[in-house]
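Order of appearance sets the numbers: ligands from 1, and atoms from 1 within every ligand.
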Amino acid sequence: MYTITGVVTATAGVQSPLTKSETQVRQPPDSVHIIVVYDNNQYAPTLRTGWGLAVLVVSHGSVALFDTGADGPTLLANMRALSIDPRLIDAVVLSHAHSDHTGGLDGLLDTGIRPTVYLLPSFPEDFKRHLRSRVPVVETEGGQEVLAGVSTTGDLDGGIREQALVVETARGLVVVTGCAHPGVARMVARVVSRRTEPVHLVLGGFHLRDATPDQIQAIITEFRRLGVERVAPCHCTGDRAIEMFAAEYGEDFLRAGVGTTIVVGAVPSGAR
Ligand SMILES: [Zn+2]
Ligand SMILES: [Zn+2]
């Protein structure tokens, strides 16, 4: 179990010894930190839960926030409890336009930070217009790198258009999904079709709350076929799917909720 003190240590990794020129060599960083800062599942007992998702990724000394949860006060309170200074955030990536993923953004920007925000062209025009008045906004239609070693899948259609985050690590790729409306296996398959590295971990909302056991099993089978090594389902995955993934993946299942910190390094990684 990762203690709050441990997370403070983890965020110290933000002061990476890597220089900007070294990051351009594109070796995977020694370690990548992934911290769930907003989720409806409890993990660290002192943090607040709320329906939604926000995940912080620290890589190559840069910080990306993937989604922002549903409200600023909860997001900011959790970041404060984890000793994460909002000013460390270089980029915000929004998976899709639902408010449980975008609702914390205004509160975050009210702290005075001005990160570049990456979103999809399909986001509502008034949302984009409002955001452009506050920060630089980039529309990521086909997928693109947002920070060294951190990129988006580009949008997939599933009724609701959505993108996932892809993070390079020494052990393979980490895919972070928001709600996975286009289908979590489809989103991972897109990554596998474009990249040569193995998928080390898939973390985030798998959107299987209403799925039958057979449907969930089909997703698990597809994950195995795609070579997904570890899973950390949370947010909208649903309790039944979470337990089925836990049974299938055993030690490679990571219990995820608000406060979960995963350090992926060259040595065997683990949830702490
Ligand atoms: Zn959604
Ligand atoms: Zn959601």
Side-chain angles (χ1 to χ4, degrees), residues 34-43 47-57 64-79 92-108 117-128 130-131 139-141 143 152-167 174-191 201-211 215-216 219 231-242 245 254-260:
I34 297 152
I35 306 166
V36 180
V37 293
Y38 195 117
D39 193 56
N40 36 286
N41 299 284
Q42 193 87 52
Y43 186 79
L47 299 184
R48 291 194 212 166
T49 56
W51 184 260
L53 182 71
V55 179
L56 199 84
V57 175
L65 182 67
F66 180 70
D67 287 341
T68 64
D71 71 288
T74 301
L75 177 69
L76 293 172
N78 287 341
M79 287 175 59
V92 175
V93 180
L94 298 176
S95 63
H96 66 300
H98 284 166
S99 62
D100 56 325
H101 298 255
T102 63
L105 183 54
D106 267 320
L108 182 70
V117 177
Y118 295 81
L119 46 64
L120 296 170
S122 54
F123 273 59
E125 285 306 323
D126 56 346
F127 182 92
K128 290 191 278 190
H130 167 70
L131 206 52
E139 300 191 15
T140 57
E141 194 163 11
T152 76
T153 56
D155 67 338
L156 286 90
D157 196 3
I160 295 139
R161 302 193 83 90
E162 183 168 340
Q163 61 185 345
L165 202 67
V166 183
V167 186
V174 174
V175 180
V176 186
T177 56
C179 254
H181 292 291
V184 67
R186 255 187 86 213
M187 299 184 89
V188 175
R190 152 101 43 120
V191 175
L201 170 69
V202 181
L203 174 144
F206 290 8
H207 207 65
L208 296 170
R209 276 183 304 153
D210 300 323
Q215 289 168 329
I216 296 166
I219 300 290
V231 292
C234 55
H235 182 38
C236 57
T237 302
D239 291 342
R240 175 155 58 192
I242 285 174
F245 270 99
L254 308 178
R255 185 77 56 184
V258 62
T260 295

- Query: Counting heavy atoms not belonging to D239, are there more than 12 under 6.0 Å from its CG?
  - Reply: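 Incorrect, the count does not exceed 12.
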- Could you please spell out the steps behind the side-chain contact (heavy atoms from CB on, under 4.5 Å) verdict for V258 and N41? CA-CA 6 Å; V258 62; N41 299 284; over 6 Å; no
- Query: With a cut-off of 2.8 Å, how many protein N, O or S atoms neighbour the Zn ion (ligand 2)?
  - Reply: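 For the Zn ion (ligand 2), the figure is 4.
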- Say whether T49 and N40, considering side chains only, have a donor N or O and an acceptor N or O under 3.5 Å apart. no
- Who are the ring pair (Phe, Tyr, Trp, His ring centres under 6.0 Å) partners of F245, not counting sequence neighbours?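 F245 satisfies ring pair (Phe, Tyr, Trp, His ring centres under 6.0 Å) with F206, F223 once adjacent residues are dropped.
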- Task: Examine distances only and state if a side-chain atom of E139 and a backbone atom of L120 form a donor-acceptor pair shorter than 3.5 Å.
- Result: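 Not at all, since once roles are kept as given, no pair shorter than 3.5 Å links the two residues.
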- Mind checking whether H181 and H98 have parallel, tilted or perpendicular rings, split at 30° and 60°? perpendicular
